[in-house]
Amino acid sequence: MAPPREDPPDAPRPSKGALTPRRVDFPRWYQEVVARAELADNGPVRGTMVIRPWGFAIWERLQAALDMRIKAAGAENAYFPLFIPESYLRLEAEHVEGFSPELAVVTHGGGKQLEEPVVVRPTSETVINSYFAKWVQSHRDLPLLVNQWANVVRWELRPRLFLRTTEFLWQEGHTAHATEADARAYALRILRDVYVDTMEQVVGIPVVTGHKTARERFAGATRTWTCEGMMGDGKALQMGTSHELGQNFARAFGIQFTDEEGVLRYAWQTSWGVSTRLIGALVMAHGDDAGLRLPPELAPVEVVVLLVRDENGARRAAAALVDELTAAGHRVRLDDRTDTSFGRRSVGWELKGVPARVEVGPRDLADGVVTVVARHDRTKATVPIAAAAGAVGDVLAATASVLHDEAAAELARRTSEVADVAAAVDAAAVGFARVPWAALGVEGEAALAAQAVSVRCLQAADGSLAREGAPEDDLVAVVARAY
RNA sequence: CGGGGAGUGGCGCAGCUUGGUAGCGCGCCUGCUUUGGGAGCAGGAGGUCGCCGGUUCGAAUCCGGUCUCCCCGACCA
């Protein structure tokens, strides 16, 4: 019997050791990249994650970028305990309702049953606000702007490395303000100046911003602002949220201050966070069939100098190039493992996403040249040794914008404007659909949910954030399948 | 909770129908030859076959029980 006329051109027969192509099986491709780029392993307890050195180095760089912006926004770092009295969670009704299904509760300590169980923090609103209540007395104590870097635990039934794990790392900011307007302005400032800026400029992922529907809102918030990114398969990933908490927690925990007129008032609050999930976003938004592609700012190694063979002074030339690139301010690694084949080493660095590679071998060297390879499109250029550092600089500079622009083009290509639920479901099979909220409403949102499509956010018709007091019927819902 | 599937070296799998004491690919170790896109040859290490019990001279294989994981549905948000 004759085989089918032709194999799909984008699905070649798997060559030995190659990744599953993205279009064949995206989730499998993701798992393989995470494993083979040595980002993370599954932990021994279901849903837990071991972040390996390569993955953690990316996280550290992301942390640095975020931390700098958080501090620029005026918040200070602090640290609050892992264990929270169970009773604290109950103080805010919606909050406890939202989180109780996924709490890890410690019932024993020191060999005895505890009188009051303690929960492992799923988020720290409750502990932090119990201290805010002590610290805030006067309007002069406001605004109070605190951030912490921490791990949190939410017992997950369907874990996936980085995207949804039982324990993960994040930063959570918590603030208290004298007025509602001040709190709202700060929540938006964090959204724009910290989150959107980091995602666009550092991670290179264009995001769709807006606010969550009541159904998707953070438990205890009055408004949740969100950044949603589009992954390589067209699905949405919530990449960061900034919440206006109103006075919900202030009333529950008694955060009161005396204003300029001597009147006792409750504070207005915000909270906001992004997590190691961003590493998953990075993989899924920028990765290709050869593995990870890293923006230079997040790459643990920006350029690898690969010694092809240790002959005719190639080692000396490679070492000199490492020195020159280091002096130029790049993070450089020398790969002189010449007992491992050239192909294996090349493929390995591509899997790990290193943006630039310089191949130094005796053949090129005889002509006074080296080969500079760009990871983002795997193009090679032969350049004189003296020009190598400059060429690497060009590759690095190009990588950041290419990754961002490709992601932006993909977002635009996979986003459509539709008018009703049925069309939205169809469009969500491809990517994002923008549908008038008036055509959807709570019933439409439920209908979409039955088809595994969710409202990622609401925004103004032109894509900007909804202005205060704007009629709900003027808003547009961005809907998609989501992680 | 209901339906389906799967547990065998680090990873991916075969073997089970028809019981005879475990095999393949990748990976790993040693040596030699190699090295410009996942090298070749030779040698080698590594497994209480998820767990408990039963049948049998003998169980990865047959029977009963149990645990875990995956997929679909339900539930929850």
Side-chain angles (χ1 to χ4, degrees), chain A residues 12-20 25 27-28 31-38 40-48 50 52 93-103 122-123 154-161 164 166 212-221 224 238 241 289-291 304-312 314-315 317-318 335-352 354 357-367 369-375 378-383 442 445-446 448-456 482-483:
Chain A
R13 77 176 65 90
S15 63
K16 186 170 62 179
L19 290 170
T20 298
D25 187 341
R28 184 167 172 186
Q31 284 190 306
E32 290 177 0
V33 171
V34 168
R36 293 177 55 186
E38 300 180 354
D41 262 344
N42 283 304
V45 172
R46 178 174 162 73
T48 60
V50 175
R52 302 182 65 179
E94 276 186 43
H95 193 65
V96 66
E97 192 187 329
F99 280 103
S100 48
E102 46 193 357
L103 292 181
T123 178
R154 298 176 185 178
W155 215 260
E156 289 290 350
L157 299 177
R158 299 215 179 286
R160 305 189 63 185
L161 287 174
R164 187 181 297 110
T166 286
K212 291 290 188 182
T213 61
R215 183 191 181 96
E216 301 280 340
R217 196 193 289 147
F218 176 73
T224 290
Q238 177 176 301
T241 48
D289 286 349
V304 60
V305 174
L306 196 156
L307 177 62
V308 178
R309 270 182 293 155
D310 190 2
E311 291 172 15
N312 301 328
R315 178 178 293 275
D335 182 351
D336 61 354
R337 302 168 302 168
T338 50
D339 54 351
T340 299
S341 77
F342 171 82
R344 173 173 298 273
R345 290 185 289 151
S346 302
V347 166
W349 292 115
E350 284 173 3
L351 264 170
K352 289 193 161 198
V354 172
R357 182 168 78 247
V358 184
E359 301 170 356
V360 179
R363 211 155 74 198
D364 278 353
L365 229 42
D367 298 329
V369 298
V370 294
T371 301
V372 175
V373 190
R375 172 64 185 89
R378 301 216 278 165
T379 53
K380 295 189 173 192
T382 302
V383 304
V442 175
E445 188 178 17
L448 287 173
Q451 305 290 313
V453 174
S454 56
V455 176
R456 305 315 304 160
Y483 281 99

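In what follows, every chain begins at residue 1, and chains take the letters A, B, ... in the order their sequences are listed.
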Please give the distance between the [atom1] atoms of [N] and [M] as a whole number of Å.
N: B:G4; M: B:A74; atom1: C1'; result: 15 Å
N: B:U8; M: B:C29; atom1: P; result: 24 Å
N: B:A6; M: B:G44; atom1: C1'; result: 32 Å
N: B:U56; M: B:C24; atom1: P; result: 34 Å
N: B:C70; M: B:C32; atom1: P; result: 46 Å
N: B:G38; M: B:G47; atom1: C1'; result: 28 Å
N: B:G7; M: B:U48; atom1: C1'; result: 15 Å
N: B:A22; M: B:A14; atom1: C1'; result: 11 Å

With no hydrogens and no angle check, is any side-chain donor or acceptor of [X] less than 3.5 Å from a backbone partner on [Y]?
X: A:Arg456; Y: A:Ala482; answer: no
X: A:Thr224; Y: A:Lys212; answer: no
X: A:Lys380; Y: A:Val372; answer: no
X: A:Asp335; Y: A:Arg337; answer: yes

Exercise for the section: Quick one: closest heavy-atom pair of A:Val34 and A:Leu161, and the distance? Expected result: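 In terms of heavy atoms, the two residues are closest at CG1-CD1, 3.6 Å.
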Practice task
Give the minimum heavy-atom separation between A:Leu103 and A:Pro122, together with the two atoms involved.
Solution key: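 Between these two residues, the closest heavy atoms are CD2-CG, 3.4 Å.
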Practice task
Decide yes or no for A:Asp336 and A:Asp310: does some side-chain heavy atom of the first lie under 4.5 Å from some side-chain heavy atom of the second?
Solution key: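 A side-chain contact is absent here, since even the closest heavy-atom pair is not under 4.5 Å.
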Exercise for the section: Could you tell me whether the side chain of A:Tyr483 reaches within less than 4.5 Å of the side chain of A:Gln238, counting heavy atoms only? Expected result: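 SC-SC contact between A:Gln238 and A:Tyr483 ruled out.
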Please determine whether any donor N or O and acceptor N or O are separated by less than 3.5 Å between the side chain of [X] and the base of [N].
X: A:Lys380; N: B:G37; answer: yes
X: A:Arg36; N: B:G38; answer: yes
X: A:Glu350; N: B:G37; answer: yes
X: A:Thr371; N: B:G36; answer: yes

Exercise for the section: Enumerate, in order of first residue number, the stems that involve RNA chain B, defined as 3 or more consecutive Watson-Crick or G-U wobble pairs with both distances under 3.5 Å. Expected result: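 So far as stems of 3 or more pairs are concerned, RNA chain B shows B:1-7 with B:67-73, B:10-13 with B:23-26, B:28-33 with B:39-44, B:50-54 with B:62-66.
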Let me know the distance between [atom1] of [X] and [atom2] of [N], rounded to the nearest Å.
X: A:Gln238; N: B:A77; atom1: CD; atom2: P; answer: 18 Å
X: A:Arg363; N: B:G36; atom1: CZ; atom2: C1'; answer: 4 Å
X: A:Leu103; N: B:C76; atom1: CG; atom2: P; answer: 19 Å
X: A:Gln451; N: B:G73; atom1: CD; atom2: C1'; answer: 15 Å
X: A:Asp339; N: B:C28; atom1: CG; atom2: P; answer: 11 Å
X: A:Arg337; N: B:G36; atom1: CZ; atom2: P; answer: 15 Å
X: A:Asn312; N: B:U35; atom1: CG; atom2: P; answer: 13 Å
X: A:Leu19; N: B:C26; atom1: CG; atom2: C1'; answer: 14 Å

Problem - Under 4.0 angstrom between A:Ser341 side-chain N/O and B:A39 OP1 or OP2 - result: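 Yes, such a contact exists.
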Handout entry: Phosphate contact (B:G27 OP1 or OP2) by A:Arg344 side-chain N/O below 4.0 Å
Key =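 Answer yes for this pair, as a side-chain N or O of A:Arg344 is under 4.0 Å from OP1 or OP2.
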Exercise for the section: Report the residue from A:Thr371, A:Val370, A:Val369 that forms a side chain to side chain contact (heavy atoms under 4.5 Å, CB included) with A:Val383. Expected result: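 Only one of A:Thr371, A:Val370, A:Val369 forms a side chain to side chain contact (heavy atoms under 4.5 Å, CB included) with A:Val383, namely A:Val370.
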Problem - Gap between atom CG of A:Asp25 and atom CD of A:Glu32 - 0.5 Å precision - result: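 Going from CD on A:Glu32 over to CG on A:Asp25, the span is 8.0 Å.
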Practice task
Give A:Arg357 one of three labels, base, sugar-phosphate or nothing, depending on what nucleic acid heavy atoms sit under 4.0 Å from its own.
Solution key: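 Base contact.
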Exercise for the section: Would you indicate what A:Arg378 reaches in the nucleic acid, counting non-hydrogen atoms under 4.0 angstrom: base, sugar-phosphate, or nothing? Expected result: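 Answer is base: heavy atoms of A:Arg378 come under 4.0 Å of a base.
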Handout entry: Given RNA chain B, 5'-ward residue of the pair A:Val360 and A:Glu97, judged by closest heavy atom
Key =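 Upstream on the strand: A:Val360.
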Exercise for the section: Identify, between A:Ala449 and A:Thr338, the residue whose nearest nucleotide on RNA chain B lies closer to the 5' end. Expected result: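 Of the two residues, A:Thr338 wins.
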Problem - Given B:G36, B:G38, B:A77, the nucleotide with the shortest approach to the side chain of A:Arg215 - result: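 Selected nucleotide: B:A77.
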Exercise for the section: List for me each residue that meets side chain to side chain contact (heavy atoms under 4.5 Å, CB included) alongside A:Thr166, sequence neighbours excluded, and say none if there are none. Expected result: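 Side chain to side chain contact (heavy atoms under 4.5 Å, CB included) list for A:Thr166, sorted by chain: A:Val153, A:Trp155, A:Glu156.
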Exercise for the section: Sugar-phosphate means primed atoms, P, OP1 and OP2; the rest is base. With that split, encode nucleotides 7-12 of chain B 5' to 3' as B, S or - using protein heavy atoms under 4.0 Å. Expected result: ------
